[in-house]
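Heads up, the thing below is written out as structure tokens.
Convention: sequence-line order gives letters A, B, ...; per-chain numbering from 1.
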Number of protein chains: 2
Amino acid sequence: MTSPERLTLQPLIDKLQFWAPLSDADEAAVRALPVTFRRLKAGHYVVWDGDRPQHSCLLIHGFAYRHKIVREGKKQIFSLHMDGDLVDLQNSLLGRADHNVEMLTDCDVALIPVDAIRKIAFDRPSVGMAMWYETLVEGSIFREWIANIGRRDARTRIAHLICEFAMRLKAAKLGTPEGFMIPMSQEWISDAVSLTSVHVNRVLKALQADGVIHRSRRWIEVRDWDGLVEAGDFNPAYLHLDQVHPAAI
Amino acid sequence: MTSPERLTLQPLIDKLQFWAPLSDADEAAVRALPVTFRRLKAGHYVVWDGDRPQHSCLLIHGFAYRHKIVREGKKQIFSLHMDGDLVDLQNSLLGRADHNVEMLTDCDVALIPVDAIRKIAFDRPSVGMAMWYETLVEGSIFREWIANIGRRDARTRIAHLICEFAMRLKAAKLGTPEGFMIPMSQEWISDAVSLTSVHVNRVLKALQADGVIHRSRRWIEVRDWDGLVEAGDFNPAYLHLDQVHPAAI
DNA sequence: CGCTCGTTTGATATATTTCAAGAATTGTGG
DNA sequence: CCACAATTCTTGAAATATATCAAACGAGCG
């Protein structure tokens with residue numbers, strides 16, 4: 001956990017800067033956003049499907065995820081979030097939430113009023129563009145997940161998820177592929193890759209038996225990155241991490 | 001097909017107006033966009049995965065779709081587009097395409113240079129916001145597709161796809177649920193719902209036998225809308241069609 | 001130490017795929 | 001408008017990946 005006095009909007013500025021160059025005035029405007037810092041417990045829902053969200057949630061430290069429940073109570077996870085992610089710009093901008101947002105671990109967050117986000121995006125085009133890019137990349141990840149769930153078998157799907165997670169952690173400077181935390185039980189993983197937890201268990205064991213990964217509790221070590229990439233049919237292009245300021249005109 | 005002299009950017013203005021009120025100056029700026037009108041044949045690719053797209057494509061008349069090919073050549077479709085859709089803002093804004101964009105039928109399109117789109121979005125916040133909302137709603141549809149493909153069985157999935165298509169056609173004033181065209185063979189449908197064409201065939205027959213729909217060639221009549229909605233576990237909220245200018249501050 | 005939650009394993013069930021072949025429909029050139 | 005080719009649709013039988021059910025095991029925790 002981050003100590004209270006260290007809670008700032010710096011992670012947001014870093015994230016936006018990644019997508020578009022911000023002027024000093026833009027940066028100042030971001031810092032001037034009226035935010036509320038909060039510590040949320042694992043399992044806390046920031047937004048429920050059907051809500052009219054009043055805030056967007058900047059994850060300063062911790063993991064969160066978004067999901068829907070379909071008929072018969074089956075759960076589908078479609079995104080995982082980590083330090084620095086501006087979770088759920090989407091629900092809040094659209095006005096009516098179409099899915100749930102839940103903390104995966106205890107988290108430090110900054111709650112930013114939707115109105116303030118709309119205003120800054122509108123008044124400061126660079127900031128708006130950067131936020132737009134953020135949502136565009138999330139869209140790209142959704143597309144990859146559709147393909148992953150729709151057209152890949154269990155082993156490939158799971159390997160792909162691990163690759164993506166490792167890659168994003170690295171980009172966020174939160175770990176290395178050599179060893180990192182996936183803060184999800186096999187049950188959660190199964191809801192992210194649309195399988196049963198039983199089957200996830202078997203596949204994970206198989207990947208381990210093949211010497212590709214080693215998993216104990218929620219800690220994963222990648223023993224053979226190339227093997228994992230191969231197993232996961234993984235091509236990181238869709239993450240658009242190599243983008244340098246595409247928003248710059 | 002629209003006769004050449006009737007090709008204008010009006011569908012784009014209508015679409016943007018749906019999301020954000022545009023001033024006369026905004027509208028004029030949109031009309032002043034440097035566009036190229038083209039007629040594209042079914043099967044034509046506007047963008048290939050990996051390209052650096054130079055244009056975004058406004059569909060004036062016709063159907064298009066977006067997809068990826070995963071290892072072993074399996075295809076996954078993740079969006080269908082119809083008259084008035086601004087196809088692939090996403091690839092063009094992100095700079096590097098992460099999927100293919102292909103015409104499903106012969107189409108009239110307006111090609112708009114990416115630079116012009118970036119510029120108008122940046123210079124005219126209302127226009128930028130409206131475009132952003134367009135991409136946000138597409139994101140919402142992606143999420144629903146993930147849940148649909150991941151957590152629903154074949155019958156539900158297919159019924160859901162038909163409901164969505166009917167609903168969007170109606171919103172675009174292109175048909176009624178009572179009878180409309182899905183310009184896709186069963187093979188294509190199978191790539192959209194992640195099934196085999198053989199299985200799609202059987203499910204379609206079953207839905208027909210149950211009196212829910214009637215399909216002949218590529219024409220579908222919905223005989224029992226409530227039954228189809230029930231069969232498809234369909235809740236249109238995720239389409240955000242009832243939104244009235246959420247972007248208005 | 002006992003409880004709870006997560007993992008592991010085995011046996012069985014089933015939805016969907018795969019393979020294959022024939023029928024129907026659509027498209028094309030003459 | 002016909003004949004032929006090429007898709008697309010349809011159906012059946014067999015194969016298989018994954019789900020389901022059930023039970024035991026292990027680890028963290030108050």
Next on the checklist: Using whole Å, what does the distance between atom P of nucleotide C:dT16 and atom CD1 of B:Ile189 come to?
Outcome noted: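 Result: 16 Å.
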
Item to check | Whole angstrom value for the distance that separates P of C:dT12 from NE2 of A:His199 | outcome: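 The answer, rounded to whole Å, is 19 Å.
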
Checklist entry - Which of residues 145-164 of chain A sit near DNA chain D, with a heavy atom under 4.0 Å from it? => result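 Correct list: A:Asp153, A:Ala154.
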
Name every donor-acceptor pair, under 3.5 Å, that has one atom in a side chain of residues 222-229 of chain B and the other anywhere in the protein, sequence neighbours excluded.
| unit_1 | atom_1 | unit_2 | atom_2 | d |
| --- | --- | --- | --- | --- |
| B:Arg223 | NH2 | B:Glu221 | OE1 | 3.3 |
| B:Asp224 | OD1 | B:Asp226 | N | 3.4 |
| B:Asp224 | OD1 | B:Gly227 | N | 2.8 |

Checklist entry - With sequence neighbours excluded, what pairs up with A:His199 under the ring-ring contact (aromatic ring centres under 6.0 Å, His included) test? => result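 Expected list: none.
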
Next on the checklist: Under the criterion side-chain contact (heavy atoms from CB on, under 4.5 Å), I'd like the reasoning laid out for B:His67 against B:Gln76: C-alpha separation, chi angles, the key distance, then a yes or no.
Outcome noted: CA-CA 5 Å; B:His67 73 273; B:Gln76 178 64 50; 6.0 Å; no

Next on the checklist: Pair B:Asp98, B:Asn91 - check side-chain contact (heavy atoms from CB on, under 4.5 Å), show working.
Outcome noted: CA-CA 7 Å; B:Asp98 54 61; B:Asn91 271 334; 4.0 Å; yes

Next on the checklist: Of the listed nucleotides (D:dA19, C:dT18, C:dT16), which one gets closest to any side-chain atom of B:Leu195?
Outcome noted: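 Given the options D:dA19, C:dT18, C:dT16, the side chain of B:Leu195 is closest to C:dT16.
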
Item to check | Evaluation steps, side-chain contact (heavy atoms from CB on, under 4.5 Å), between A:Arg143 and B:Glu138 | outcome: CA-CA 10 Å; A:Arg143 291 191 288 275; B:Glu138 293 201 349; 6.0 Å; no

Item to check | Runs of at least three consecutive pairs that involve DNA chain D, where pairs are Watson-Crick or G-U with distances under 3.5 Å | outcome: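 Stems found: C:1-21 with D:10-30, C:23-30 with D:1-8.
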
Item to check | Heavy-atom pair of closest approach, residues A:Ile158 and A:Leu195 | outcome: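 A:Ile158 and A:Leu195 have their closest heavy atoms at CD1-CD1, 3.9 Å.
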
Item to check | Residue pairs involving residues 150-184 of chain A (criterion ring-ring contact (aromatic ring centres under 6.0 Å, His included); sequence neighbours excluded) | outcome: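 Listed by first then second residue: A:Phe63-A:Phe165, A:His160-A:Phe234, A:His160-A:Tyr238.
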
Item to check | Side-chain H-bond candidate by donor/acceptor type, A:Ser216 with A:His214, under 3.5 Å | outcome: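 A:Ser216 vs A:His214: no donor-acceptor pair found between side chains.
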
Item to check | side-chain contact (heavy atoms from CB on, under 4.5 Å) evaluation trace for B:Met184 with B:Ile77 | outcome: CA-CA 12 Å; B:Met184 309 164 82; B:Ile77 295 176; 4.2 Å; yes

Checklist entry - For B:His99, which of B:Asp51, B:Asp88, B:Asp49 qualifies under side-chain hydrogen bond (donor to acceptor under 3.5 Å, both in side chains)? => result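 For B:His99, the side-chain hydrogen bond (donor to acceptor under 3.5 Å, both in side chains) check succeeds only for B:Asp88.
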
Could you list the protein-to-nucleotides 7-11 of chain D atom pairs, N/O on both sides, closer than 3.5 Å?
| unit_1 | atom_1 | unit_2 | atom_2 | d |
| --- | --- | --- | --- | --- |
| D:dC9 | OP2 | B:Gln186 | N | 2.8 |
| D:dT10 | OP1 | B:Lys205 | NZ | 3.3 |
| D:dT10 | OP2 | B:Gln186 | NE2 | 3.0 |
| D:dT10 | OP2 | B:Asn201 | ND2 | 2.6 |
| D:dT10 | O5' | B:Asn201 | ND2 | 3.3 |

